[in-house]
Amino acid sequence: MTGCFIVLEGGDGSGKSTQARLLVDALRAAGHIVTETFEPGATSTGAKIRSLLLDDDAPLDARAELLMMAADRAQHVHEVIRPALAAGSFVVSDRFEPSSLAYQGIGRGLGADVVAGLSGFARDGLEPDLVVVLDVADSVAQQRRPIATDRMERAGNEFHSAVRAAYRSLAMEHGWALVDGEGPPDVVADRVWSVVAPCVEVVSR
Ligand code: TYD
């Protein structure tokens, strides 16, 4: 038996990391073995890439940014996600390829097709069983975002609005679940669970 691979997505300030945590708790409470992970930076090599990507002040061209996200993903799939799925664990990842499509493909303007090709190579054909995108209004995300500390947070409100719009249109195109991320965390968690539960039942059968 192989596990179920679920990806949580959304812009900075969408509340995605909180919801990933709550989803992991709910799946464990339902008796599933769950591997909780994230991008970028979940492996020891990835942690070094993450620090170059986000914490460093040195200039970083958009193509270089994309390639580093892809390198992180390749290592993540190889070292964490595939082995966990092969062992029958569920995997909940806070971000995966949809982030590259939205941030580098559309936000940075590299083009979603270019990014999809490169990221497809990086993930070695592995597809999530379900992608859940948390959607919140720009004004709400702005309030929730911390004072800009990392490279992406420094990118500014216009960039983050473009990323949100990208997620909305990519979700339609790819059949990702678009979930309203506004409101108290437990209410949003119920919405997330209502799209995850049917997928979990199908995969576990
Ligand atoms: P992180 O601190 O993990 O923020 P968040 O809680 O919003 O996930 O930072 C990850 C940042 O990296 C976030 O701004 C999105 C960005 N990112 C990309 O631009 N492309 C990618 O492919 C991935 C995985 C992340």
Side-chain angles (χ1 to χ4, degrees), residues 5-24 36-43 45-57 60-77 79-81 91-123 126-128 131-136 138 140-167 170 174 176 181 185 188 192:
F5 179 24
I6 300 166
V7 172
L8 259 284
E9 286 285 349
D12 291 54
S14 62
K16 167 189 54 56
S17 302
T18 303
Q19 290 304 321
R21 183 92 276 288
L22 292 172
L23 176 60
V24 168
E36 185 178 10
T37 189
F38 64 96
E39 287 190 2
T43 63
T45 298
K48 293 177 188 157
I49 298 174
R50 179 187 171 94
S51 145
L52 287 171
L53 273 166
L54 298 179
D55 306 337
D56 205 287
D57 281 338
L60 189 60
D61 177 68
R63 287 163 194 261
E65 183 178 85
L66 170 64
L67 288 163
M68 287 161 77
M69 293 290 182
D72 172 72
R73 183 159 307 126
Q75 192 62 28
H76 189 206
V77 166
E79 194 176 321
V80 177
I81 304 177
V91 174
V92 174
S93 186
D94 180 343
R95 299 194 181 281
F96 193 63
E97 180 173 293
S99 288
S100 291
L101 296 171
Y103 283 78
Q104 281 68 49
I106 296 167
R108 299 291 197 211
L110 292 175
D113 290 351
V114 170
V115 172
L118 187 73
S119 178
F121 172 73
R123 66 182 158 76
L126 180 71
E127 302 264 11
V131 176
V132 180
V133 178
L134 287 178
D135 182 58
V136 302
D138 290 337
V140 174
Q142 262 173 48
Q143 279 164 12
R144 287 183 184 173
R145 270 199 295 276
I147 302 296
T149 50
D150 72 36
R151 191 188 300 275
M152 289 300 170
E153 286 156 6
R154 287 194 299 270
N157 291 337
E158 212 176 300
F159 174 83
H160 289 288
S161 298
V163 167
R164 183 209 178 194
Y167 271 123
L170 287 163
H174 293 272
W176 302 335
V188 178
V192 171

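For the numbers below, each heavy atom of this structure counts, side chains included, while hydrogens, waters and symmetry mates do not. Residue numbers start at 1 and run along the sequence shown. Whatever order the structure lists them in is the order used to number ligands and atoms, beginning at 1.
M68 contributes atom CE, which lies 11.0 Å from atom CD of Q104 (distance to the nearest 0.5 angstrom). Rounding to the nearest 0.5 angstrom, the gap separating the CD1 atom in I49 from the OG atom in S51 is 10.5 Å. Considering CG of L66 and CG of L118, their distance stands at 5.0 Å, rounded to 0.5 Å.
For atom 17 (N) of ligand 1, the candidate residues are R108, E9, M69, R144; the nearest heavy-atom contact is made by M69. Compare E39, R95, M152 by their heavy atoms: the one nearest to atom 4 (O) of ligand 1 is in R95.
By the criterion of a heavy-atom distance under 4.0 Å, neither the backbone nor the side chain of R154 is placed next to ligand 1. For E65, no heavy-atom contact with ligand 1 is shorter than 4.0 Å. Contacts with ligand 1 closer than 4.0 Å are made by side-chain heavy atoms of S17 only, the backbone lying farther away. Contacts with ligand 1 closer than 4.0 Å are made by side-chain heavy atoms of L54 only, the backbone lying farther away.
From the protein, the heavy atom lying nearest to atom 19 (O) of ligand 1 is Q104 NE2, 2.9 Å. The protein atom (non-hydrogen) at minimum distance from atom 22 (O) of ligand 1 is S100 OG, 2.5 Å.
Using 4.0 Å as the threshold, R50 has a heavy atom nearer than that to some atom of ligand 1.
D61 CG: more than 12 foreign heavy atoms inside a 6.0 Å radius.
A salt bridge links D57 to R154: one of the charged nitrogens lies within less than 4.0 Å of a carboxylate oxygen. Taking 4.0 Å as the cut-off between side-chain N and carboxylate O, R73 and E39 count as a salt-bridged pair.
The N/O atoms of K16, backbone and side chain alike, include one that comes under 3.5 Å of an N/O atom in ligand 1. Residue contacts with ligand 1: R73 is placed with a nitrogen or oxygen under 3.5 Å of a nitrogen or oxygen of the ligand (distance criterion only).
Only one option out of R108, E65, R95 pairs with Y103 in a side-chain hydrogen bond (donor to acceptor under 3.5 Å, both in side chains); it is R95.
For D135, the salt bridge (charged side-chain N to carboxylate O under 4.0 Å, His left out) partners are R164, R168, not counting sequence neighbours.
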